Engineer: 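My questions will all concern the structure given below.
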Amino acid sequence: EGTRSRTGGVAPVKTGLLTTAVNAFRSSGTEIVIVPISISYETVPEDNQFCNIHEELGMAGFLAKRSNVYVEFCDPIPISEYAHTEDPTLELSYRISKGWKQYHKILPNQIVAKLLTENDHSIELSQSTMLVEDFISRHDGNYLIRDPEEIWDKGKKILQSRKLIEESNRVIHSKNEAVVSYYANMVPEDEDRKY
């Protein structure tokens, strides 16, 4: 994308480097291969800042917020397949974005955050497993884990550790709707099947 996403979602591809790659292939005839990389974050240290919430985040705070990161290498894309089309950078950016969405590792906290946003930021614990099962059934994706109970437990634990949600009277509520929505946006939109 050329920068970090300020919304949690996949940002449009910046095409400057793609144009350079297409021009290099056209002038040299030497194949250039792009290998998109999808990076999935459990938590992002600057999440509050990206949601316009003021926070003094020094090095110690930044390091304390670190968590697991998952890196997936997408299918290689040869420039030669697109260099002679009408708009190669547009087609390459579409293919890169499609690869990111396909390979993005969908994490438990992202699923719980998505479910919270879909349910007015409040979920009864008795409904949690059913909601996760429903989510999986309607969203194809590259899941870190597929067991609904494990997804709920791990996702809830991560969000609680960041103090983004709280439990009272057997109901989970978002404490910080903006940041919960930020993590919900990390679940890739399905171009062919909207939720």
Side-chain angles (χ1 to χ4, degrees), residues 1-59 61-111 113-114 117 139-145 158 162 178-195:
E1 294 153 300
T3 186
R4 292 174 296 172
S5 171
R6 299 305 201 251
T7 65
V10 174
V13 175
K14 293 194 175 182
T15 58
L17 193 55
L18 291 178
T19 301
T20 302
V22 169
N23 290 340
F25 169 77
R26 286 177 175 165
S27 66
S28 71
T30 302
E31 184 65 86
I32 296 172
V33 178
I34 296 171
V35 181
I37 298 172
S38 174
I39 304 173
S40 308
Y41 300 91
E42 267 183 0
T43 60
V44 175
E46 307 95 324
D47 53 9
N48 282 324
Q49 294 168 353
F50 292 164
C51 295
N52 296 317
I53 298 168
H54 179 72
E55 176 184 35
E56 293 295 327
L57 188 63
M59 185 55 74
F62 184 90
L63 294 174
K65 287 185 170 184
R66 291 179 307 159
S67 64
N68 292 327
V69 175
Y70 299 89
V71 177
E72 299 279 331
F73 292 90
C74 306
D75 295 331
I77 305 169
I79 294 285
S80 61
E81 290 182 17
Y82 299 91
H84 304 293
T85 62
E86 186 176 325
D87 191 348
T89 56
L90 181 64
E91 292 190 38
L92 284 164
S93 13
Y94 171 77
R95 175 95 184 266
I96 290 168
S97 294
K98 187 176 176 182
W100 283 338
K101 291 174 183 180
Q102 177 185 355
Y103 282 86
H104 172 85
K105 190 69 78 179
I106 301 174
L107 306 179
N109 63 305
Q110 297 167 356
I111 296 169
K114 186 73 168 177
T117 62
H139 190 278
D140 295 328
N142 183 17
Y143 291 89
L144 178 65
I145 51 179
I158 292 165
R162 290 279 290 108
V179 180
V180 169
S181 296
Y182 174 81
Y183 288 108
N185 289 340
M186 290 183 175
V187 175
E189 288 290 329
D190 189 330
E191 301 291 323
D192 303 318
R193 283 173 51 189
K194 293 291 181 190
Y195 302 22

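These figures come from a predicted structure and were not determined experimentally.
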Engineer: Looking at every non-hydrogen atom in both residues, tell me the closest pair between Asn185 and Thr7 and how far apart they are.
Structural biologist: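 Of all heavy-atom pairs spanning Asn185 and Thr7, the closest is ND2-O, 2.9 Å.
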Engineer: Go through the steps to decide whether Leu92 and Ile79 satisfy the test side-chain contact (heavy atoms from CB on, under 4.5 Å), and finish with yes or no.
Structural biologist: CA-CA 8 Å; Leu92 284 164; Ile79 294 285; 3.8 Å; yes
Engineer: Mind checking what makes side-chain hydrogen bond (donor to acceptor under 3.5 Å, both in side chains) contact with Ser67, not counting sequence neighbours?
Structural biologist: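 Ser67 satisfies side-chain hydrogen bond (donor to acceptor under 3.5 Å, both in side chains) with Thr43 once adjacent residues are dropped.
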Engineer: Closest approach of Ala178 and Cys51, non-hydrogen atoms and distance?
Structural biologist: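 Shortest heavy-atom contact: O-SG, 3.5 Å.
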Engineer: Between Ala83 and Arg26, which heavy-atom pair has the shortest distance, and what is it?
Structural biologist: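 Looking at all heavy atoms of both residues, the shortest contact is O-NH2, 2.6 Å.
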Engineer: Once you round to the nearest 0.5 Å, how far does NE2 of His139 lie from CD1 of Ile106?
Structural biologist: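 Here the rounded value is 4.5 Å.
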Engineer: Would you sort out whether Glu81 and Arg95 count as a side-chain contact (heavy atoms from CB on, under 4.5 Å), showing the intermediate values?
Structural biologist: CA-CA 11 Å; Glu81 290 182 17; Arg95 175 95 184 266; 3.7 Å; yes
Engineer: State, to 0.1 Å, how close Tyr143 and Asp140 come at their nearest heavy-atom pair, and which atoms those are.
Structural biologist: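 Looking at all heavy atoms of both residues, the closest pair is CE1-C, 4.4 Å.
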Engineer: Is there a donor-acceptor pair under 3.5 Å between the side chain of His104 and the backbone N or O of Gly141?
Structural biologist: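 Side chain of His104 to backbone of Gly141: no pair is present.
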Engineer: Strictly by salt bridge (Lys or Arg N to Asp or Glu O under 4.0 Å), give each pair with a member in residues 31-53 just once, sequence neighbours left out.
Structural biologist: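 Pairs touching residues 31-53 that pass the test: Arg4-Glu46, Asp47-Lys65, Asp47-Arg162.
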Engineer: To the nearest 0.5 Å, how far apart are OG1 in Thr19 and NZ in Lys14?
Structural biologist: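 Between Thr19 OG1 and Lys14 NZ, I get 13.5 Å after rounding to 0.5 Å.
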Engineer: Taking the side chain as everything from C-beta on, heavy atoms only, tell me whether Tyr82 gets closer than 4.5 Å to Ile77.
Structural biologist: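 Answer yes - side chains close enough.
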Engineer: When you compare the side chain of Ile96 with that of Cys74, does any pair of heavy atoms fall below 4.5 Å?
Structural biologist: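 When only atoms from C-beta onward are counted, Ile96 and Cys74 do not touch, as no gap falls below 4.5 Å.
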Engineer: Kindly indicate, with the supporting measurements, whether the criterion side-chain contact (heavy atoms from CB on, under 4.5 Å) is fulfilled by Tyr94 and Leu90.
Structural biologist: CA-CA 6 Å; Tyr94 171 77; Leu90 181 64; 5.9 Å; no
Engineer: Are side-chain heavy atoms of Pro108 and Leu144 found at a separation under 4.5 Å?
Structural biologist: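 A side-chain contact exists here, since the closest heavy-atom pair is under 4.5 Å.
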Engineer: Roughly how far, to the nearest 0.5 Å, is CG of Leu107 from CG of Asn142?
Structural biologist: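 Answer rounded to 0.5 Å: 9.5 Å.
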Engineer: For side-chain contact (heavy atoms from CB on, under 4.5 Å), just list the numbers for Met186 and Val44, CA-CA rounded to whole Å, side-chain angles, deciding distance to a tenth of an Å, and then say yes or no.
Structural biologist: CA-CA 11 Å; Met186 290 183 175; Val44 175; 3.7 Å; yes
Engineer: To the nearest 0.5 angstrom, please state how far the CD atom of Gln110 sits from the OH atom of Tyr183.
Structural biologist: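 Here the rounded value is 9.5 Å.
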Engineer: Using the six-membered ring wherever Trp is involved, compare the ring planes of His84 and Phe25 and label them parallel, tilted or perpendicular (cut-offs 30° and 60°).
Structural biologist: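 The rings of His84 and Phe25 stand perpendicular, inter-plane angle above 60°.
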Engineer: Taking all non-hydrogen atoms of both residues, which atom of Glu72 and which atom of Tyr103 are closest, and how far apart?
Structural biologist: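 In terms of heavy atoms, the two residues are closest at CG-O, 3.3 Å.
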Engineer: Can you find a side-chain donor-acceptor pair between Thr85 and Asp87 that sits under 3.5 Å?
Structural biologist: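 Asp87 and Thr85 do not have a side-chain donor-acceptor pair below 3.5 Å.
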Engineer: Look at the side chain of Asn48 and the backbone N and O of Ile53, then say whether any donor-acceptor pair between them is shorter than 3.5 Å.
Structural biologist: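 A pair under 3.5 Å: no.
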Engineer: Which heavy atom of Ser38 sits nearest to which heavy atom of Trp100, and what is that distance?
Structural biologist: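 Nearest pair, atom of Ser38 first, then Trp100: OG-O, 3.6 Å.
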Engineer: To the closest 0.5 Å, what do you measure between CG (Leu17) and CD1 (Ile34)?
Structural biologist: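 If we round to the nearest 0.5 Å, Leu17:CG and Ile34:CD1 are 7.5 Å apart.
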